[in-house]
There are 2 protein chains.
Amino acid sequence: MAPADIDSTEPASRRPYHHGDLRRAILTAALDVIAADGPAALSLRDLARRAGVSHAAPAHHFKDRTGLLTSIAAEGFGLLATTLREASDLKEAGVRYVRFAREHPAHFQVMFAPGLLRADDLELTTARALAGDALRESVSAVDPGDIDPRLAGVAAWSLAHGFATLLLGHNLDGPVGDKDPEEVFRTLAATLFR
Amino acid sequence: MAPADIDSTEPASRRPYHHGDLRRAILTAALDVIAADGPAALSLRDLARRAGVSHAAPAHHFKDRTGLLTSIAAEGFGLLATTLREASDLKEAGVRYVRFAREHPAHFQVMFAPGLLRADDLELTTARALAGDALRESVSAVDPGDIDPRLAGVAAWSLAHGFATLLLGHNLDGPVGDKDPEEVFRTLAATLFR
DNA sequence: GAGGCAATCTTGTCAGTGTCAAGTTGTGCG
DNA sequence: CGCACAACTTGACACTGACAAGATTGCCTC
């Protein structure tokens, strides 16, 4: 980060020409905005103002608005992959999926907003594939029984993803209330996958 | 609709001053755009051009960009409510939920994009409550067993919503392939809710 | 240490958009 | 018939994303 005593209102001449870590600064500012008001409220110029740089500076690191969002999504899939790998079994992976959505709501939203992303971006596709591998690994660790593992994977993913999505959209405020969402999901998964 | 021989390139003087059903025309055009490229690609001025009216005409019917999207969401919840009411049991309600998402992808996307909507809009909240009632009704119809009905509702909704969301985002193209998604969901729900 | 080079950031500009205000045209109702 | 209101237009303003061209800086090499 740049020195703390430098704010965006200061004239450009007194600020160092180089920010230091502008890329990271823009990313975190973007995550703040998205978590608060959604991806639609994102403005490159606003992010530039927050970082105290000129309006065209972000373009150098992300090229596009789409480029910025794509980077966020890729980072999100990376984080999700490492989180899922630490899960002991499938149910725990689901709990971690929900926790990820709650701890990184901005990442989560952007990751599953295909209209905002550059679908063929290399970083994105590889990160997404990594997360997919982690998910499949968790599924294969469970006792197969007589169920098609691919179907089981879709079922688990759908359940966790739906719960997380509805949670973030405040659609479960009624039923879940002030209970710990992860605990609710845990009992829910236990009842279903008995 | 306005007469078919009138296109937007024609000078305003030769077009009738009143469109006829501009509100509906804007809505359907918006649904087309959203289904194709997502809500982010929506432009009020573009919709006005498609309908062959001036750039400020849509504002008279929807006030805002947010107002337009809120109307779409409300319409969507209304459609979903009537669809769910026709379901015989809970599993069938889930299948209908998935079918709704596939047949009305634009509605579905907007309905669950809280950042784009006027949350306190009356039409929206009542339509949403109606759909919620329909869902709860489907849940209550199932044999309770020893499960908390609220938890069962959350489980069913999460599963259907997650499946539908992932499906629309092309995240299940691999596992589901060219199979009929509704049929996949049916067997999936049957295995889980046995 | 000096020179050059590429990365980083700035300034300027353009078309497009949402939104508001004020005016114009048509319609239905008393 | 006329009048009030709804539907639509015209005009304007601030804001945004994107591009081009120039300025500044750190770094790498000799």
Side-chain angles (χ1 to χ4, degrees), chain A residues 1-3 6-27 29-30 33-34 37-72 110 115-118, chain B residues 1-3 6-27 29-30 33-34 37-72 110 115-118:
Chain A
M1 282 288 286
I6 294 173
D7 70 331
S8 55
T9 63
E10 211 163 342
S13 54
R14 270 196 34 79
R15 280 186 284 119
Y17 196 92
H18 281 55
H19 179 280
D21 194 2
L22 181 57
R23 185 185 152 88
R24 192 65 247 171
I26 298 276
L27 277 174
V33 172
I34 296 173
D37 300 325
L42 203 68
S43 149
L44 290 181
R45 288 174 111 104
D46 178 50
L47 297 179
R49 279 188 291 268
R50 291 177 186 234
V53 294
S54 83
H55 62 87
H60 198 273
H61 291 274
F62 302 103
K63 172 158 190 158
D64 259 335
R65 211 184 103 101
T66 305
L68 169 58
L69 291 167
T70 302
S71 288
I72 291 178
V110 175
L116 303 178
L117 307 178
R118 191 127 33 218
Chain B
M1 284 287 287
I6 294 174
D7 69 333
S8 55
T9 63
E10 212 163 343
S13 54
R14 270 194 34 76
R15 280 187 282 118
Y17 196 91
H18 281 55
H19 178 281
D21 194 1
L22 181 58
R23 185 185 152 89
R24 193 65 247 171
I26 298 275
L27 277 173
V33 173
I34 295 172
D37 300 325
L42 202 70
S43 150
L44 289 181
R45 288 175 112 104
D46 177 50
L47 297 179
R49 278 189 291 269
R50 290 177 187 233
V53 294
S54 84
H55 64 88
H60 199 273
H61 292 276
F62 302 103
K63 172 161 192 158
D64 259 337
R65 212 184 102 99
T66 305
L68 169 59
L69 291 166
T70 303
S71 289
I72 291 178
V110 175
L116 304 178
L117 307 178
R118 191 127 33 218

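Letters go in sequence order (proteins before strands), and every chain restarts at 1. Side-chain atoms are counted along with the backbone in the values below, which use heavy atoms only and exclude waters and symmetry mates.
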Which distance, rounded to the nearest 0.5 Å, do you find between the CG of Asp37(A) and the CG of Leu42(A)? 10.0 Å

For Asp64(B), enumerate each residue passing the salt bridge (charged side-chain N to carboxylate O under 4.0 Å, His left out) test, keeping only those at least two apart in sequence or located in another chain. Arg118(B)

Could you tell me if the side chain of Leu22(B) sits less than 4.5 Å from the side chain of His60(B), heavy atoms only? no

Do Ile26(A) and His61(A) make a side-chain contact, defined as non-hydrogen atoms from C-beta onward lying under 4.5 Å apart? no

Within this structure, what is the CZ-to-C1' distance between Arg50(A) and dT16(D), rounded to whole angstrom? 15 Å

Supply the atom-to-atom distance Leu116(A) CG to Ile34(A) CD1, rounded to the nearest 0.5 angstrom. 8.5 Å

For the pair made of CZ in Phe62(B) and P in dA7(D), what is the distance, rounded to whole Å? 12 Å

What is the distance, rounded to the nearest whole Å, between atom CG of Leu44(A) and atom P of dG17(D)? 5 Å

Checking all strands, does Leu42(A) fall into the base, sugar-phosphate, or nothing category for heavy-atom contacts under 4.0 angstrom? sugar-phosphate

Between N or O atoms, less than 3.5 Å apart, protein on one side and nucleotides 12-16 of chain C on the other: list the pairs.
none

Take the protein atom CG of Leu22(B) and the nucleotide atom P of dT25(C), then report the distance between them rounded to whole Å. 19 Å

dC9(C) phosphate, OP1 or OP2: any side-chain N/O from His60(A) under 4.0 angstrom? no

Spacing of Lys63(B) atom NZ relative to dC8(D) atom P, expressed in whole Å: 18 Å

Base, sugar-phosphate, or nothing for Asp46(A), non-hydrogen atoms under 4.0 angstrom? nothing

About how many Å separate CG of Leu47(B) and NE2 of His55(B), when rounded to the nearest 0.5 Å? 14.0 Å

Using heavy atoms to find the nearest nucleotide of DNA chain D for His61(B) and Ala59(A) separately, return the residue whose nucleotide is more 5′. His61(B)

